[in-house]
There are 2 protein chains.
Amino acid sequence: MALMHLMATNPNRPVYLKLRDQIAAAIIDGVYPEGEMLPSVRALAAEHGANPLTVAKAYQQFQNDGLVEVQRGVGMYVVKGAAERLRAREREAFLRDEWPEIRARMARLGLDPADLAIFT
Amino acid sequence: MALMHLMATNPNRPVYLKLRDQIAAAIIDGVYPEGEMLPSVRALAAEHGANPLTVAKAYQQFQNDGLVEVQRGVGMYVVKGAAERLRAREREAFLRDEWPEIRARMARLGLDPADLAIFT
DNA sequence: ATGGCTGTATTATGGCACTGATGCACCTCA
DNA sequence: TGAGGTGCATCAGTGCCATAATACAGCCAT
């Protein structure tokens with residue numbers, strides 16, 4: 001009832017944000033390997049039934065962060081070390097911004113993270 | 001980078017949702033005791049510098065869920081057993097909708113809930 | 001060189017969520 | 001009975017999001 005309305009799985013969540021989350025996960029997991037080319041905005045748009053501009057908006061922040069490089073007329077490539085940099089950045093942000101709140105919320109609901117760790 | 005933009009602490013989060021979270025927590029923690037009257041929409045609005053209608057929207061869902069009863073011209077009261085019902089409902093929703101995603105996200109970031117349980 | 005692929009800038013539009021101002025119906029209490 | 005407190009309905013304004021239709025600039029293989 002708190003975060004639920006805005007989780008990554010929430011269909012109401014803006015498309016460009018859902019795409020951004022998915023792309024970040026794919027980079028970290030090596031689905032989009034370093035040095036390799038990312039799917040074109042048009043291809044990814046067609047795959048998701050979205051607008052190419054919406055996909056471009058999802059790609060935008062990765063460029064700003066230097067995790068992805070653009071070769072005009074060719075495509076976008078994953079920078080060397082992008083996966084580890086992205087993972088470190090997300091981990092830091094998670095521990096700083098999200099975890100304390102999740103922890104407090106679970107405490108209020110009478111839940112212990114250590115117990116729930118069993119669920120793989 | 002995923003949930004961060006939509007956490008309860010995020011200033012971009014809609015006011016009525018932040019209020020709703022806070023009210024739910026207050027009911028569960030007994031800050032608003034069962035049988036007692038809730039702060040009026042105008043009072044709570046003034047306290048938070050928000051619009052009375054925004055507060056009313058935050059109260060809305062609690063009425064729909066039968067956790068709060070309205071006496072027209074008087075005020076809104078917390079129903080008997082509302083705290084426990086609310087806690088049970090939130091816990092179920094958390095485990096079903098939020099925890100799996102959080103768990104997967106932590107796994108991707110190389111984090112173990114059992115280890116982080118130390119942080120109180 | 002030409003066709004086909006890249007990303008991107010521009011402009012316009014529709015939809016929707018959020019917030020706000022005003023006024024009304026209702027109740028309680030002096 | 002009148003004053004002041006409830007919740008709530010109506011209408012309007014604002015901004016973000018997504019889409020669309022073009023058009024342009026660059027690269028590459030044929």
Side-chain angles (χ1 to χ4, degrees), chain A residues 1-23 27 32 35-79 82, chain B residues 2 4-23 27 32 35-79 82:
Chain A
M1 189 164 178
L3 307 176
M4 191 188 68
H5 292 264
L6 302 153
M7 299 285 290
T9 49
N10 178 23
N12 290 10
R13 185 176 171 81
V15 176
Y16 84 99
L17 286 182
K18 288 191 291 187
L19 289 173
R20 196 162 59 67
D21 293 343
Q22 172 199 310
I23 294 162
I27 291 178
Y32 300 154
E36 295 288 315
M37 199 173 121
L38 291 164
S40 75
V41 291
R42 289 175 177 82
L44 202 56
E47 182 180 342
H48 287 83
N51 191 288
L53 288 175
T54 303
V55 176
K57 188 173 183 179
Y59 277 149
Q60 189 63 46
Q61 184 169 343
F62 295 102
Q63 307 178 31
N64 300 341
D65 293 349
L67 298 168
V68 155
E69 272 183 357
V70 177
Q71 293 192 16
R72 274 191 76 93
V74 180
M76 306 181 48
Y77 290 83
V78 181
V79 165
Chain B
M4 191 187 69
H5 292 262
L6 303 154
M7 298 287 291
T9 49
N10 178 23
N12 289 9
R13 184 177 171 83
V15 177
Y16 84 98
L17 285 182
K18 288 192 288 188
L19 289 173
R20 194 161 62 67
D21 294 344
Q22 173 199 311
I23 295 164
I27 291 178
Y32 300 154
E36 295 288 315
M37 198 173 121
L38 290 164
S40 74
V41 289
R42 289 176 178 81
L44 201 57
E47 183 180 342
H48 286 83
N51 189 286
L53 286 174
T54 304
V55 178
K57 188 173 183 178
Y59 276 151
Q60 188 63 48
Q61 184 168 343
F62 296 103
Q63 308 177 30
N64 301 341
D65 294 349
L67 298 169
V68 156
E69 271 183 357
V70 178
Q71 293 191 14
R72 274 192 76 94
V74 181
M76 307 181 45
Y77 291 82
V78 181
V79 165

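Reminder, nothing fancy here: chain letters follow the sequence lines and each chain counts from 1. Hydrogens, waters and symmetry mates are skipped; everything else that's a heavy atom, side chains included, is used.
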Original post:
Does the side chain to side chain contact (heavy atoms under 4.5 Å, CB included) test come out yes or no for B:Leu17 and B:Arg20, once each step is laid out?
Top reply: CA-CA 5 Å; B:Leu17 285 182; B:Arg20 194 161 62 67; 3.1 Å; yes

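A:Tyr16 comes within contact range of the sugar-phosphate backbone alone, with a heavy-atom separation under 4.0 Å but no base atom that close. B:Gln60 comes within contact range of no nucleotide atom at all, as no heavy-atom separation falls under 4.0 Å. Across all strands, A:Glu69 comes closer than 4.0 Å to no nucleic acid atom at all (heavy-atom distances).
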Hey, what are the protein-to-nucleotides 20-22 of chain C N/O distances that come in under 3.5 Å?
from	atom 1	to	atom 2	distance (Å)
C:dG20	OP2	B:Asn51	N	3.2

Under 3.5 Å, which N/O atoms of the protein pair with N/O atoms of nucleotides 24-28 of chain C?
from	atom 1	to	atom 2	distance (Å)
C:dC27	O4'	B:Arg72	O	3.3

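Phosphate proximity of C:dT19 to B:Lys57: absent, as no side-chain N or O sits under 4.0 Å from OP1 or OP2.
Nearest approach of B:Asn51 to B:Ala45, heavy atoms of both residues: C-CB, 3.8 Å. When all heavy atoms of B:Pro39 and B:Tyr59 are compared, the closest pair comes out as O-OH, 2.8 Å. Residues B:Arg13 and B:Asp21 share a closest heavy-atom pair of NH2-OD2, 2.9 Å. A pairwise comparison of heavy atoms in A:Tyr32 and A:Val78 identifies O-CG2, 3.8 Å as the closest pair. A:Met76 approaches A:Val68 most closely through the heavy-atom pair CE-CG1, 3.1 Å.
Distance A:Arg13 CZ to D:dC17 C1': 13 Å, rounded to the nearest Å. In this structure, CG of B:Asn12 is placed 12 Å from C1' of D:dG15, rounded to the nearest angstrom. Look at CG on B:Leu38: it is 19 Å from P on D:dG5, rounded to the nearest Å. When the P atom of D:dT6 is taken as reference, atom CE of B:Met37 falls 6 Å away, rounded to whole Å. Separating the CD atom of B:Gln61 from the P atom of C:dA17 is a distance of 14 Å, rounded to the nearest angstrom.
No more than 12 heavy atoms of other residues, nucleotides or ligands lie within 6.0 Å of CD in A:Glu69, so this atom counts as exposed by the packing criterion.
Across D:dC17, D:dG7, C:dG7, the shortest atom-to-atom separation from the side chain of A:Met76 is found for C:dG7. Distances were taken from every side-chain heavy atom of A:Pro14 (C-beta onward) to each of D:dC17, D:dC8, C:dT19; the shortest belongs to D:dC17.
Using modelled atom types, no side-chain atom of B:Asp65 and backbone atom of B:Leu67 make a donor-acceptor pair closer than 3.5 Å.
A:Lys18 contributes atom NZ, which lies 13.0 Å from atom CD1 of A:Ile23 (distance to the nearest 0.5 angstrom).
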